[in-house]
Protein chains: 2
Amino acid sequence: MTDTRESGTRSRTRRAILAAAASVLARDRGATLADIAEAAQIGRSTLHRYFSDRQDLVNAAVVDSFRVVEKSTAEAAIDQGPPLEAMRRLIAAMVDAGDRLAFLFGDPRVLEEFTACFEPDLSLPTTVGLIERGQAEGVFDPAVSAEWIQQVLWALAYTGWEAAEKGLLPRHGVAAAVTRAFENGMVVPQARP
Amino acid sequence: MTDTRESGTRSRTRRAILAAAASVLARDRGATLADIAEAAQIGRSTLHRYFSDRQDLVNAAVVDSFRVVEKSTAEAAIDQGPPLEAMRRLIAAMVDAGDRLAFLFGDPRVLEEFTACFEPDLSLPTTVGLIERGQAEGVFDPAVSAEWIQQVLWALAYTGWEAAEKGLLPRHGVAAAVTRAFENGMVVPQARP
DNA sequence: TGATAATGAGACATGTAAGTCTCATTATGA
DNA sequence: TCATAATGAGACTTACATGTCTCATTATCA
């Protein structure tokens, strides 16, 4: 389904714009189109040649970021192996896709406005699928909904990214910190009754 | 330190504006001053009588929200009793202060721009203080920094509020879900080696 | 009741990002 | 090398939130 019509140059520019948009908007939602163009190292007029509207750009960036996260998820092979290990791979992948995730997750409105008119690739394994598999195997907390667990997962990944952004966590320690938080929470196992 | 000069009417109106600002901006950062005025059930001109600038309003709302959260924290008496129970009271208080927290936490920029010129009340017990006390007593994970634990706490409280907003969690179940996530994470204790 | 405070509605000016267009320049591929 | 695609700079208009102001109305308090 990729655009075979588009020249190599154009599709490269398009990708650069989408990546810049996600990256810039993740850090500042009010960022100007000029800001985004500058980050993508292109002229503002060029940006308008690819996306007529600001809304058009944001929509495309959401879809693109979704695909990227979807792809990372797929590459983590979350439908294979023990759920706990699959989850660890997924968390690492999500931390890698850092600002895409921050862009999607950081703005509740962007996402919810768009979930209606966007259908995910059904052939790919989903995060909720992994969670439900884990719950069935008694690994993930079965007392709460899979959606809630997914929300927590996203929130922790986002928090880890943000903490790294402001220097609270070293980049290389983010995945471990998030994994630890997701699996154990903040109370030491020994202290539990 | 409260304004004794201001009439009852004025201070009531002022509070209504600040509450509305936090509530509206928590749900939409790009919200118009007209949106905020409408939510506060006042005219836009009245809003300008109280806050000359948009920035002025946002700053005041940040300070105010800070005070509210600070007060909730104080009322939870987090410097007393076992850390785990104090933390449970704190989480309940934070969930109560829902949109104030979402306003502060939802916009990293708003907060970080302001932490410089805003000094917290040093006579009040802090969240980090509670966490460090818990770590010293071996209750909270001592392997990570107290600041990271605080970030996770805020993120979970925010996520709980958001989940309730979109109907993913029932209002009365939020505090329990957040507490559970904070203490145990998402992996069932029995499944741990 | 009367004086003053507080407000709402709305007209008006302003600043800034968004969107459109032209034209000269650079890059790409046959 | 040549034709065409792609781009950058910048002038220009538009749309909209913002901020200021006036005036009539309502609320509050002595």
Side-chain angles (χ1 to χ4, degrees), chain A residues 2-64 103 106-107 109-110 113-114, chain B residues 2-64 103 106-107 109-110 113-114:
Chain A
T2 38
D3 297 81
T4 49
R5 302 177 167 189
E6 202 164 53
S7 80
T9 320
R10 276 193 74 84
S11 80
R12 231 177 307 120
T13 304
R14 179 180 297 273
R15 272 197 301 274
I17 295 173
L18 290 174
S23 171
V24 170
L25 292 177
R27 290 166 179 83
D28 177 14
R29 293 179 198 184
T32 300
L33 294 186
D35 294 335
I36 296 172
E38 189 187 351
Q41 292 180 300
I42 59 160
R44 195 166 67 91
S45 7
T46 301
L47 194 152
H48 279 290
R49 283 193 188 93
Y50 286 78
F51 304 97
S52 61
D53 235 80
R54 182 191 175 96
Q55 195 56 45
D56 189 25
L57 171 60
V58 171
N59 286 350
V62 169
V63 173
D64 181 61
F103 167 59
D107 193 345
R109 299 179 65 80
V110 160
E113 278 173 15
F114 212 69
Chain B
T2 38
D3 297 80
T4 49
R5 301 176 169 190
E6 203 165 50
S7 79
T9 320
R10 275 192 76 84
S11 81
R12 230 176 307 121
T13 305
R14 178 179 299 272
R15 273 198 300 273
I17 294 174
L18 290 174
S23 171
V24 170
L25 292 176
R27 291 166 178 82
D28 177 13
R29 293 178 199 185
T32 300
L33 294 186
D35 295 335
I36 296 172
E38 188 187 352
Q41 293 181 299
I42 58 161
R44 195 167 67 91
S45 7
T46 301
L47 193 153
H48 276 102
R49 283 191 189 95
Y50 285 79
F51 304 98
S52 60
D53 236 73
R54 182 191 176 96
Q55 194 58 44
D56 189 25
L57 171 61
V58 172
N59 286 351
V62 170
V63 172
D64 181 61
F103 167 58
D107 193 345
R109 299 178 66 80
V110 161
E113 277 174 16
F114 212 70

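The structure displayed is predicted, hence computed values, not measured ones. By convention in this document, chain letters (A, B, ...) are assigned in the order of the sequence lines, proteins followed by strands, and residues within each chain are numbered from 1.
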Task: Interatomic distance, R54(B) CZ vs dC16(D) P [rounded to whole Å] - done: 17 Å
Task: Whole-Å gap separating P (dA17(C)) and CG (L33(A)) - done: 10 Å
Open item on the list: By nearest heavy atom, map S45(A) and R10(A) onto DNA chain D; which one lands nearer the 5' end?
Closed with: R10(A)
Task: Cation-pi, F51(B) ring and R14(B) (6.0 angstrom, 45 degrees) - done: yes
TODO: Please answer whether the main-chain N or O of T32(B) pairs with a side-chain N or O of D35(B) as donor and acceptor at a distance below 3.5 Å.
DONE: yes
- [ ] Nearest whole angstrom, please: distance from the P of dA11(D) to the NE2 of H48(A).
- [x] 16 Å
- [ ] Find the distance I42(B):CD1 to dT26(D):C1' and express it as a whole number of Å.
- [x] 16 Å
Task: Any Y50(B) side-chain N or O less than 4.0 Å from OP1/OP2 of dT7(C) - done: yes
- [ ] Classify the nucleic acid contact of F51(B) as base, sugar-phosphate or nothing, counting any heavy atom under 4.0 Å across all strands shown.
- [x] nothing
TODO: Please check the phosphate of dA6(D) (OP1 and OP2 only) for any side-chain N or O of T13(A) closer than 4.0 Å.
DONE: no
Task: Nearest-angstrom distance from the residue atom CZ of R44(B) to C1' of dC12(C) - done: 11 Å
Open item on the list: With hydrogens left out and only the distance checked, is there a donor-acceptor pair under 3.5 Å joining T9(B)'s side chain and the base of dA6(C)?
Closed with: no
Open item on the list: Return whichever of Q41(A) or S52(B) has its heavy-atom-nearest nucleotide of DNA chain D closer to the 5' end.
Closed with: Q41(A)
Task: Length of the CG-C1' vector between L47(A) and dA6(D), whole Å - done: 14 Å
- [ ] Provide, to the nearest angstrom, the distance between the CD atom belonging to Q55(A) and the C1' atom belonging to dG19(C).
- [x] 15 Å
TODO: Send over the distance from R49(B) CZ to dA6(C) P, rounded to a whole Å.
DONE: 10 Å
Task: Any donor-acceptor N or O pair under 3.5 Å, side chains R49(A), S45(A) - done: no
TODO: Taking all non-hydrogen atoms of both residues into account, name the closest pair between L57(A) and L47(A) and its distance.
DONE: CD2-CD2, 4.2 Å
Open item on the list: From C-beta outward on T46(B), which listed nucleotide comes closest to its side chain: dG8(C), dA6(C), dA6(D)?
Closed with: dG8(C)
Task: Side chain T13(A), main chain T9(A), donor-acceptor under 3.5 Å - done: yes
Open item on the list: Could you check whether the side chain of T32(B) and the base of dA17(D) have a donor-acceptor pair of N or O atoms closer than 3.5 Å, going by distance alone?
Closed with: no
